[in-house]
Amino acid sequence: MKKIINDPSAVVDEMIKGMVFAYDGLVERLPETNVVHRKHSKNGKVGLVSGGGSGHEPAHAGFVGQGMLSAAVCGEVFTSPTPDQILEAIKASDEGNGVFMVIKNYSGDIMNFEMAKDLADMEDIPVDFVVVDDDIAVEDSTYTAGKRGIAGTVLVHKILGAAAEEGASLSEIKELADKLVPAIKSIGVALSPATNPEVGKPGFEIGDDEIEFGVGIHGEPGYRREKLQPSKDLAAELVKQLKKEFQWSGDEQYALLINGMGATPLMEQFVFTNDVRELLAAEGITLVFKKVGDYMTSIDMAGVSITLLKLEDEKWVDYLTAPVNTISW
Amino acid sequence: MKKIINDPSAVVDEMIKGMVFAYDGLVERLPETNVVHRKHSKNGKVGLVSGGGSGHEPAHAGFVGQGMLSAAVCGEVFTSPTPDQILEAIKASDEGNGVFMVIKNYSGDIMNFEMAKDLADMEDIPVDFVVVDDDIAVEDSTYTAGKRGIAGTVLVHKILGAAAEEGASLSEIKELADKLVPAIKSIGVALSPATNPEVGKPGFEIGDDEIEFGVGIHGEPGYRREKLQPSKDLAAELVKQLKKEFQWSGDEQYALLINGMGATPLMEQFVFTNDVRELLAAEGITLVFKKVGDYMTSIDMAGVSITLLKLEDEKWVDYLTAPVNTISW
Amino acid sequence: MLSVETVTKWMELFGEQLTENKTYLSELDTAIGDGDHGNNLARGAAALKEKLGANEYEALTDLLKDVGMVFVSKIGGASGPLYGSAFISMAKASKDNDSLELADLLAAGLDGIQKRGKAEAGEKTMVDEWVPVVEAVKNNSLTTETIEEAVEKTKDMKATKGRASYLGDRSIGHLDPGAMSSSLLFKTMLEAGVYDGK
Amino acid sequence: MLSVETVTKWMELFGEQLTENKTYLSELDTAIGDGDHGNNLARGAAALKEKLGANEYEALTDLLKDVGMVFVSKIGGASGPLYGSAFISMAKASKDNDSLELADLLAAGLDGIQKRGKAEAGEKTMVDEWVPVVEAVKNNSLTTETIEEAVEKTKDMKATKGRASYLGDRSIGHLDPGAMSSSLLFKTMLEAGVYDGK
Ligand SMILES: Nc1ncnc2c1ncn2[C@@H]1O[C@H](COP(=O)(O)OP(=O)(O)O)[C@@H](O)[C@H]1O
Ligand SMILES: Nc1ncnc2c1ncn2[C@@H]1O[C@H](COP(=O)(O)OP(=O)(O)O)[C@@H](O)[C@H]1O
Ligand SMILES: [Mg+2]
Ligand SMILES: [Mg+2]
Ligand SMILES: [Mg+2]
Ligand SMILES: [Mg+2]
């Protein structure tokens, strides 16, 4: 394992220290927690809390700030944060009108966030939540834990954050979230595994000439392994899967997020974006909003994912483009 | 070579296509060139042009936009762009009050940009320039091509861009640049080499347990190879070199840029930042401005660099924090 | 015998086993999960040791509740809320109940896990370790073999809950990490003399 | 003989050699530079081929100028402006000069390189190939050996100009890529019959 770290078990703590130092104008760490909280003054908006295992930087702390998340709870690497930490985030984010939680669909995340909600109930803080499950690489059946939450979650942060900033109530945000989440679908391809510093070796093995479609952001196996192929073929396979899910007719409007997994340079992300552009143009899809870069990574995994959000409401584009003050949006 | 690309010799073209598609609200490509130009309307400001070999993304096109660069010229991977392309950038960036070029100190860059200036002279466009040489890993002697320009260049873009936006004249920008550049020093460490897609194999070899201090952004050899060591030891060596160069007394004010080389996750960059924080605090250095992330990369190299800018003028902090509208600042 | 002393001993031994098997448990989790199960539980074990070292317990309920709280707040992931819920549920069952049997206590623990995680037997989770053990304790027939056989059986199961469920058929042939860590729980239970049966 | 025909032939052969030696030149550049010299020149060669194929030249000046412009606008890096300046400088020297000698032409090229790159002989650059060749043409003594020996000599030199200068002493023991590509230039010059000497 070749990493710029000190003690592998102290990575999350030191990372948070470095982050809140570098961006001390924007964020702060709640004392004795791994919660990163925005600094801007409270003004009665609904609080927006997210989080999950660390290793997905800039998610989630990089999206803390005015117009986006109120707080992010950083779990250990690839490990859902605990309810007590989530509770602290909820308490700090409550401005008197309740707190909304954005949870990614993993058994651990759901259980921990739900327990935190129970604790918040006891403190009379109204809490509601949505579970993001945008990863179409996984089947949503009674035989799985359901589709995973991946890069599309960042679009949920942005849109709900803008709505909260605009003054939406907890129930309005819940309603928006329930409409939004089913409209988001993502799928990715990995070229190399991630190495969790505490584990010290790669999460899976893959040949020098192989790629795997549908790998999860914790390195969970994907749906198919193939030989390395040109960017446009990778893009074609992923777009094909998205088309199958969306069943688009042609003249629909979408938002697009091309997301790097951590070790894939922007050079490759933009080459890939160009291929996605051609494929979607051929499908007659109009892309009203676009973004490319590292948003929801998997430590040092090489790979990319495509997220499409079907724009069923014009307001969503306004929310996507509304100004924010965060480290990484 | 495991990369998300199509034809290796078409990487730059396809990358630019992907970028201007994704950020079509911000930038455009000048027809039949590899020049990325900002879209905002001309209003008589001094134009700011930079560029260099590709492979350093988001540099330089990611910094094109209001308040920063007017245009960036993208050379082939690791290859300075040619004078005709630079001339196009100059012509498109001239708003009637001349164009200032930010050149990194490489023989090729200097020769090509100087030739472009000669061509611009013939078209009566006033052009001036500064050569950034912030990399203290290289000795500045008659026996070398001098110190290289690396991540500190991005701070030059930001500060000169803000001055231009404020309405500074070409000669005022030249004066500012000549004062600014000597106040910037950078140094980095690499854990792994970059692979130029056109070459198809890594630029150098390095053991699984080795790191190299002072590697250049084209993979030029550094000043010392050592065994892999904790982040704080890497930080200590680099800060030691910076201290030797700046000869700081203690109560001085600096701006800090921690820069990832392309394949180093933010997680590690922030851990490293925390170590740099401790070391500089122990030196009594005040850091007035801080930034962490991938700004001047070397394709898929793993590593980080530290850039310090000695804040000799209060105005420089205002310039650093002035709002911009770019893809990546 | 079910007492503050034996349960304290149990928890000490369980913590030791988790620390010792940290790498092994994470390796099992690397195969069909995300490789952190051992690290998660080792973190819980370290916090548990500290907690037990700093407190003297009079009532079993308080001890069990503290164990549950430590697990909930230090382990994280899926296993944290599950082990935490098991012990908090056991703490509740033991409250004001002097004649509590071990079988009932463990049944309460299993109930806590299932309320939290919604898994049934056969879904390749820690539930597949708990169900046969609770049954055996009820029948007064628990042995090391019961415990080990239960883990072994998870090998042939296809996961339909938790992270391993993403693998579908490819989860078959691997031991479930959570079932393995629960087997350590029950082995140390025998070792600590909590169980009086046969 | 110095003529539009022989120089056209020369440029065709040079282009072929550059394309053929693309990988080798980049490998030399990987050792002490950034690995792109072969790719840079191959790009120039491709553009040159297109240019020559699309044009009929009457005057040597026009031919040389076009070669220079192609090199300047297609190669990039350090070698683009250097080769470009060499040919533009040669074009200037040949302008309105019917009695031009090859030695003077090449001297003008070398002058262009040195004005642009400020390198002297002994700094481990293409200049170390040009200087002995220009000298030998003047003395009417140019042979393949002269050309090859000049490249060989760069091996023992320490680079003090260009990217290789960052290596200091570690640049010793490697051939200079630019000197190597210039050796191809001069070998194809012999082959094309541009040189009439011995
Ligand atoms: N819904 C569930 N019910 C019971 N046990 C579960 C459930 N989901 C996961 N588990 C158990 O948790 C174990 C994984 O724990 P751990 O690796 O710590 O968490 P995570 O999967 O979040 O990384 C699995 O091996 C399984 O035994
Ligand atoms: N100042 C200079 N004068 C003469 N030749 C030079 C100079 N700098 C570099 N060169 C030549 O250029 C060659 C490298 O060219 P190339 O690899 O194409 O450019 P870059 O170094 O920009 O990547 C070197 O081998 C050397 O011969
Ligand atoms: Mg986990
Ligand atoms: Mg180069
Ligand atoms: Mg796990
Ligand atoms: Mg080179």
Side-chain angles (χ1 to χ4, degrees), chain B residues 8-9 34 52-55 73-87 106-116 119 135 137-139 141-148 193-205 214-223 298, chain D residues 22-23 25-27 29-44 46-47 68-85 88 112-113 115-120 122-125 158-171 174 178:
Chain B
S9 70
N34 286 344
S54 289
V73 197
C74 307
E76 292 298 321
V77 179
F78 284 1
T79 301
S80 318
T82 56
D84 53 315
Q85 300 265 322
I86 302 168
L87 177 65
Y106 297 96
S107 312
D109 287 56
I110 291 175
M111 290 189 275
N112 284 291
F113 276 85
E114 275 183 351
M115 287 177 90
L119 298 171
D135 188 357
V138 175
E139 256 182 271
S141 76
T142 45
Y143 303 111
T144 69
K147 293 186 287 141
R148 297 175 292 233
T195 298
N196 180 336
E198 275 214 81
V199 177
K201 48 191 179 201
F204 57 88
E205 274 170 32
V215 171
I217 57 172
H218 282 196
E220 303 97 333
Y223 63 88
S298 183
Chain D
K22 169 174 147 168
T23 309
L25 291 171
S26 281
E27 267 167 17
D29 195 34
T30 297
I32 55 170
D34 57 354
D36 60 353
H37 189 57
N39 298 294
N40 293 346
L41 292 183
R43 208 167 37 245
M69 290 309 290
V70 164
F71 284 170
V72 163
S73 65
K74 292 296 169 190
I75 297 178
S79 52
L82 291 168
Y83 277 115
S85 296
I88 291 170
I113 292 174
K115 282 231 170 74
R116 182 60 61 202
K118 316 265 180 330
E120 300 296 326
E123 301 205 80
K124 198 180 183 111
T125 71
K158 175 173 157 180
T160 52
K161 277 284 181 315
R163 213 173 284 278
S165 70
Y166 304 136
L167 275 82
D169 287 338
R170 286 172 294 168
S171 66
H174 298 276

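In the text below, chain A, chain B and the rest are named by the order of the sequence lines, each starting its count at 1.
- Ring pair Y83(D)/F71(D) is perpendicular by interplanar angle, where above 60° counts as perpendicular and below 30° as parallel.
- For D135(B), the salt bridge (Lys or Arg N to Asp or Glu O under 4.0 Å) partners two or more places apart in sequence, or in a different chain, are R148(B).
- Heavy-atom pairs under 4.5 Å with chain B were tallied for T30(D), N39(D), I32(D); the largest tally goes to N39(D).
- Ranked by heavy-atom pairs shorter than 4.5 Å toward chain B, the options G33(D), A78(D), A164(D), G77(D) are led by G77(D).
- Using a 4.5 Å cut-off between heavy atoms, K147(B) does not touch chain D at all.
- In this structure, the portions of N112(B) lying under 4.5 Å from any heavy atom of chain D include both its backbone and its side chain.
- No donor-acceptor pair under 3.5 Å is formed between the side chain of S80(B) and the backbone N or O of G52(B).
- For chain D, the option among G219(B), G75(B), P83(B) with the highest count of heavy-atom pairs below 4.5 Å is P83(B).
- Contacts of K158(D) with chain B are absent, with no heavy-atom separation under 4.5 Å from either backbone or side chain.
- Not one N or O on the side chain of Q85(B) forms a donor-acceptor pair closer than 3.5 Å with the backbone of T82(B).
- Of the listed residues G76(D), S73(D), G35(D), the one with more heavy-atom pairs under 4.5 angstrom with chain B than any other is S73(D).
- For A31(D), the side-chain contact (heavy atoms from CB on, under 4.5 Å) test picks out H174(D), with sequence neighbours left out.
- If you measure heavy-atom distances from E198(B) to chain D, the contacts under 4.5 Å come from both the backbone and the side chain.
- Looking at S85(D), the atoms closer than 4.5 Å to chain B (heavy atoms on both sides) all sit in the side chain, from C-beta outward.
- When each of R116(D), E27(D), K161(D) is checked for heavy-atom pairs under 4.5 Å with chain B, R116(D) comes out on top.
- Of the N and O atoms on the side chains of D29(D) and H37(D), not one donor lies less than 3.5 Å from an acceptor on the other residue.
- No donor-acceptor pair under 3.5 Å is formed between the side chain of S165(D) and the backbone N or O of R163(D).
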